[in-house]
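Numbering of residues begins at 1 and proceeds along the displayed sequence. Each ligand, and each atom within it, is numbered from 1 in the order the structure gives.
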Amino acid sequence: MTLKRQPRLVTLEGGEGAGKSTVLAALAEALTGRGIEVVRTREPGGTPLAEQIRDLLLDPGHEPPSRDTELLLMFAARAQHVRETVLPALQRGAWVLSDRFTDASYAYQGGARGGDVQFIAELERRVVGIEPGLTLLLDVPVEIGLRRMRGRGDVDRIESEREEFFERVRTAYQGRAQAHPDRFRVIDASRPLVDVTAASVELLHAYLEDGQ
Ligand code: Z5A
């Protein structure tokens with residue numbers, strides 16, 4: 001079973017402090033400015049149940065999940081998100097902008113935690129079944145991203161990992177982008193946020209002009 005590409009599903013990926021939140025808002029504005037209906041969402045999360053799973057995964061107050069538990073909870077949340085939020089929106093003709101999607105599991109649970117990538121691919125095929133038409137990877141050196149993130153205050157369970165962990169996340173994301181050049185666009189997110197946002201919006205416009 002192959003993944004069904006969804007041209008109106010656009011995902012944002014990147015390490016910590018890459019600027020995804022700001023960029024996502026600008027992309028949504030660019031689409032609504034063209035009269036397009038947009039659903040903004042995130043992973044883990046995006047439905048009430050998936051948001052509860054997010055809390056289990058990220059709240060440092062809970063028992064730390066094992067590597068497999070973390071992976072399976074990410075996919076449990078994603079299964080719910082895809083069925084209850086993403087697919088219904090796409091089916092009615094809306095665009096979906098998601099702050100992270102399956103590539104994050106390859107980067108964090110695969111690359112950084114050393115999980116079995118074949119198993120992740122199997123879960124992706126069986127549980128998700130779809131892939132984005134466009135993925136913007138906001139790529140920032142780990143040191144810069146962590147400085148930004150820590151400057152912001154509260155850190156969740158995964159954010160409190162060591163620097164090497166985030167280096168592995170970055171390397172895995174870069175590998176995903178190289179392996180899927182047809183849907184990935186890599187943006188240098190070490191620049192000022194206004195430039196990162198402008199570059200991202202420009203890529204979205206180019207994607208729209210290409211007729212996706
Ligand atoms: N996770 C996983 O392990 N597996 C999965 O399959 C999925 C997720 C889907 C989600 O938490 C966590 O779950 C995430 C991956 C894991 N873990 N970590 N760590 P989240 O959604 O809360 O975490 P996040 O996606 O990393 O959020 P973030 O750190 O907030 O990233 P961001 O949205 O890219 O950053 P931001 O809020 O836009 O910016 C952060 C700060 O940096 C803020 O103060 C900005 O003003 C500043 N910033 C951003 N860009 C710039 C630039 N260019 N210049 C200056 N300052 C900047």
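By the side-chain contact (heavy atoms from CB on, under 4.5 Å) test, Arg125 is found to be paired with Met1, Leu3, Ala121, Glu122, residues two or more places apart in sequence or in another chain being considered. By the side-chain contact (heavy atoms from CB on, under 4.5 Å) test, Ala30 is found to be paired with Val201, Leu204, His205, residues two or more places apart in sequence or in another chain being considered.
Counting heavy atoms under 4.0 Å from ligand 1, residue Lys20 touches it through both backbone and side chain. Residue-level proximity to ligand 1 for Arg78 is carried by the side chain, the only part with a heavy atom below 4.0 angstrom. Both the backbone and the side chain of Glu159 come within 4.0 Å of ligand 1, judged by heavy-atom distances. Neither the backbone nor the side chain of Glu161 has any atom closer than 4.0 Å to an atom of ligand 1 (non-hydrogen atoms only). Counting heavy atoms closer than 4.0 Å to ligand 1, residue Leu58 contributes side-chain atoms (C-beta onward) but none from N, CA, C or O.
A side-chain N or O of Glu124 and one of Tyr106 form a donor-acceptor pair less than 3.5 Å apart. Using modelled atom types, one finds no donor on one side chain facing an acceptor on the other under 3.5 Å when comparing Thr11 with Ser98. Remark: the Arg100 side chain and the Tyr108 side chain contain an N/O donor-acceptor pair separated by less than 3.5 Å. Side-chain contact of Thr69 with Ser66: a donor-acceptor pair under 3.5 Å is present, judged by distance alone. For the 3.5 Å distance criterion, the side chains of Gln6 and Glu131 fail to qualify, holding no donor opposite an acceptor. There is a side-chain donor-acceptor pair under 3.5 Å between Asp55 and His62. Judged by distance alone, the side chains of Asp188 and Ser190 do bring a donor and an acceptor atom under 3.5 Å apart.
The protein heavy atom nearest to atom 6 (O) of ligand 1 is Ser105 OG, 2.7 Å. Of the protein's non-hydrogen atoms, the one nearest atom 33 (O) of ligand 1 is Ser21 OG, 2.8 Å. What sits closest to atom 16 (C) of ligand 1 on the protein, heavy atoms only, is Ile158 CD1, 3.8 Å. Among all non-hydrogen protein atoms, the one lying nearest atom 45 (C) of ligand 1 is Leu193 CD2, 4.7 Å. Distance from atom 7 (C) of ligand 1 to its nearest protein heavy atom, with residue and atom name: Ala104 CB, 3.5 Å. Protein heavy atom nearest atom 2 (C) of ligand 1, with residue, atom name and distance: Met74 CE, 3.2 Å. Ranking the protein heavy atoms by distance from atom 48 (N) of ligand 1 puts Arg148 CD, 3.5 Å first. Shortest contact from atom 29 (O) of ligand 1 to any protein heavy atom: Arg152 NH1, 3.3 Å.
Contact atoms of ligand 1 toward Glu43: 9 (C) (distance under 4.0 Å to a heavy atom of the residue). Contact atoms of ligand 1 toward Pro44: 7 (C), 8 (C), 9 (C), 13 (O) (distance under 4.0 Å to a heavy atom of the residue). Which parts of ligand 1 touch Gly17 is read off a 4.0 Å heavy-atom cut-off, strictly below it: atoms 29 (O), 31 (O), 35 (O), 40 (C), 49 (C), 50 (N).
Checked by atom type and distance alone, the side chain of Arg168 never pairs as donor or acceptor with a backbone atom of Arg113 at under 3.5 Å. At distances below 3.5 Å, at least one donor-acceptor pair connects side-chain atoms of Thr85 with backbone N or O atoms of Gly46.
The shortest heavy-atom distance from Pro192 to ligand 1 is under 4.0 Å. In this structure, Arg191 is part of the shell of residues with a heavy atom less than 4.0 angstrom from ligand 1. Residue contacts with ligand 1: Arg54 is included, with a non-hydrogen atom under 4.0 Å away.
When distances from atom 9 (C) of ligand 1 to the protein are checked, a heavy atom turns up under 4.0 Å.
With Glu13, Glu16, Arg42 as candidates, the residue nearest to atom 19 (N) of ligand 1 on a non-hydrogen basis is Glu16.
Distance CD/Glu167 to CD/Glu164: 8.0 Å, rounded to 0.5 Å.
In this structure, the side chains of Phe75 and Val128 come closer than 4.5 Å at one or more pairs of heavy atoms.
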